[in-house]
Every structure is written in C-alpha cells, then in structure tokens.
Amino acid sequence: VQLQASGGGLVQAGGSLRLSCAASGRTFSTYVMGWFRQAPGKEREYVATVSVSGRRQYSADSVKGRFTISRDNAKNTVYLQMNTLKPEDTAVYYCAAGLTQSQIPTQFVYWGQGTLVTVSS
C-alpha cells in the first residue's frame, strides 16, 4: 500500500483544514487507518484512527471534539477534518495503515510522506 497525504497548509488559530490521504492498491479496505503528527523536536504522536469499516473512530484527548477522522473505501481515501485549530497543532501530519487498532506508531505498517500543518496565533 502506498499512501499520499495532502491538504496541509498555513491557517490561523481557530480555523479549519481537511487532510486527505489517498492509498494505492486494492487492499485499502482491509487496513485500520490512522493519522499521527510530529512537531519539531518531539516524538511522533497519535492523533486518530478509524476502523476498517469506518464505523468506529478513535482520537487522542488533545484533539477530541475538534478533529474527525473518516474514510471512503470506494475512493481508497482517509480524511482528517481539523476544526478550531490551535498553534500547538502545528506539526507534520502522517497517515498510516495498520492491521490493528493502536495508538503506537510502530504498530502501523505503511506510512505516507507527511503534510505540514502550521497554525499561527
């Protein structure tokens, strides 16, 4: 599976962005999909995951109520809708595909290249 993330950019605090991650291959619908982020000088951290079917979503406490993950298996794409953005959300955001629900980056097998989100105050 090859993953291509897009949708990052510069936004003011309180604004919104939607990230997309397009996957190649016919097995997209068999993977749990997740978003992680990494700020400068920090470790990669969990943001959100969505189940294979898309019916179950999980998210980190830091983004709960502001970010929503979803997927469209017909389009081989996973999304991250980010609302009420804060400067501390500034990071490179990565999409990832894994075989099980997890918040641990090493549990994910395939990774996109990352897309930069910058939130100005």
Side-chain angles (χ1 to χ4, degrees):
V1 176
Q2 290 187 317
L3 304 175
Q4 180 74 37
S6 62
L10 174 64
V11 63
Q12 288 188 330
S16 298
L17 280 175
R18 187 173 85 153
L19 306 183
S20 299
C21 176
S24 64
R26 293 174 291 178
T27 59
F28 173 80
S29 61
T30 66
Y31 289 96
V32 171
M33 296 300 298
W35 287 95
F36 293 78
R37 67 186 182 185
Q38 189 165 16
K42 295 188 176 181
E43 293 187 351
R44 192 165 298 189
E45 67 173 359
Y46 168 77
V47 175
T49 42
V50 60
S51 66
V52 166
S53 67
R55 285 194 288 269
R56 293 188 299 274
Q57 304 89 37
Y58 308 88
S59 60
D61 288 344
S62 59
V63 305
K64 205 174 295 286
R66 300 188 297 122
F67 291 11
T68 302
I69 188 171
S70 62
R71 68 189 297 163
D72 185 337
N73 286 342
K75 295 182 178 180
N76 280 10
T77 303
V78 61
Y79 304 97
L80 185 68
Q81 178 66 45
M82 305 186 295
N83 298 327
T84 319
L85 282 159
K86 304 176 181 180
E88 52 263 43
D89 294 319
T90 295
V92 177
Y93 283 71
Y94 297 90
C95 58
L99 299 176
T100 184
Q101 160 61 29
S102 176
Q103 298 184 12
I104 303 172
T106 55
Q107 295 292 310
F108 286 76
V109 180
Y110 300 103
W111 289 85
Q113 85 290 357
T115 185
L116 177 62
V117 173
T118 304
V119 185
S120 63
S121 58

Check: How far apart are the closest heavy atoms of Ala5 and Thr115, and which atoms are they?
Finding: CB-CG2, 4.2 Å
Notebook entry, point to check: Got a second to check how far Asn83's CG is from Thr68's OG1, nearest 0.5 Å?
Noted result: 6.5 Å
Checklist line | Val32 and Val50, any side-chain heavy atoms less than 4.5 Å apart | finding: no
Check: Any side-chain heavy-atom pair from Ile69 and Met82 closer than 4.5 angstrom?
Finding: no
Next item on the list: Indicate, with yes or no, if Phe108 and Val63 share a hydrophobic cluster defined by side-chain heavy-atom contacts under 4.5 Å among Ile, Leu, Val, Met, Phe, Trp and Tyr.
Entry: no
Check: Do Val11 and Thr118 pass the side-chain contact (heavy atoms from CB on, under 4.5 Å) test, and can you show the C-alpha distance, the side-chain angles, and the key distance before you say yes or no?
Finding: CA-CA 6 Å; Val11 63; Thr118 304; over 6 Å; no
Margin query: Using the rule given for side-chain contact (heavy atoms from CB on, under 4.5 Å), can you reason through Leu19 versus Val117, listing the C-alpha separation, both sets of side-chain angles and the distance that settles it, and then say yes or no?
Written below: CA-CA 9 Å; Leu19 306 183; Val117 173; 4.0 Å; yes
Notebook entry, point to check: Are the side chains of Leu80 and Phe67 in touch, meaning some heavy atoms are under 4.5 Å apart?
Noted result: yes
Next item on the list: Please name the pair of heavy atoms, one in Arg37 and one in Ser62, separated by the smallest distance, quoted to 0.1 Å.
Entry: NH2-OG, 3.6 Å
Next item on the list: Please round to the nearest 0.5 Å and tell me the distance separating atom OG of Ser29 and atom CZ of Arg71.
Entry: 7.0 Å
Next item on the list: Heavy atoms only: give me the nearest Gln101-Tyr58 pair and the separation to one decimal.
Entry: OE1-CD1, 3.3 Å
Item checked: Donor-acceptor contact below 3.5 Å, side chain Arg66 vs main chain Thr84 -> yes
Notebook entry, point to check: So how far is it from Asn73 CG to Met33 CE, rounded to the nearest 0.5 Å?
Noted result: 9.5 Å
Next item on the list: Run the ring-centre check on Phe36 versus Trp111 and record whether the distance is less than 6.0 Å.
Entry: yes
Checklist line | Distance, nearest 0.5 Å, that separates CZ of Phe28 from CG of Leu3 | finding: 8.0 Å
Notebook entry, point to check: Any link between Val109 and Val78 through a network of hydrophobic side chains (Ile, Leu, Val, Met, Phe, Trp, Tyr) touching at under 4.5 Å?
Noted result: yes
Check: Does the side chain of Ser120 pick up a donor-acceptor pair with the side chain of Gln12 at under 3.5 Å?
Finding: no
Margin query: Under a plain distance cut-off of 3.5 Å, with no hydrogens placed, do Asp72 and Thr77 share a side-chain donor-acceptor pair?
Written below: no
Note to self: Set out, in order, the CA-CA distance, both residues' side-chain angles and the distance that settles side-chain contact (heavy atoms from CB on, under 4.5 Å) for Gln57 and Ser70, then state yes or no.
What the structure shows: CA-CA 8 Å; Gln57 304 89 37; Ser70 62; over 6 Å; no
Next item on the list: Assess the pair Tyr31 and Tyr110: is the distance between their ring centroids shorter than 6.0 Å?
Entry: yes
Margin query: Working note: Ser59 + Trp35, criterion side-chain contact (heavy atoms from CB on, under 4.5 Å); need CA distance, chi angles, decisive distance, verdict.
Written below: CA-CA 9 Å; Ser59 60; Trp35 287 95; over 6 Å; no
Notebook entry, point to check: Distance from Ser20 atom OG to Lys75 atom NZ, nearest 0.5 Å?
Noted result: 9.5 Å
Check: What do you reckon, is CD of Glu45 surrounded by more than 12 foreign heavy atoms closer than 6.0 Å?
Finding: yes
Check: Which pair of non-hydrogen atoms, one from Ser121 and one from Ala13, has the smallest distance, and what is that distance?
Finding: CA-CB, 4.4 Å
Note to self: Is it the case that the side chain of Ser24 and the backbone of Val1 share a donor-acceptor pair, with hydrogens and angles ignored and the cut-off at 3.5 Å?
What the structure shows: no
Check: Around Lys64, counting heavy atoms of other residues, nucleotides and ligands shown, do more than 12 lie under 6.0 Å from its NZ?
Finding: yes
Next item on the list: Linking directly or through intermediates, with side-chain heavy atoms under 4.5 Å: list the remaining ILVMFWY members grouped with Tyr79, chain and number order.
Entry: none
Check: Does the side chain of Ser102 reach to within under 4.5 Å of the side chain of Tyr46, using non-hydrogen atoms?
Finding: no
Item checked: Considering all heavy atoms, the nearest Thr30-Val52 contact -> O-CG2, 3.7 Å
Margin query: Can you tell me how far apart CD (Gln107) and OG1 (Thr49) are? Round to the nearest 0.5 Å.
Written below: 12.0 Å
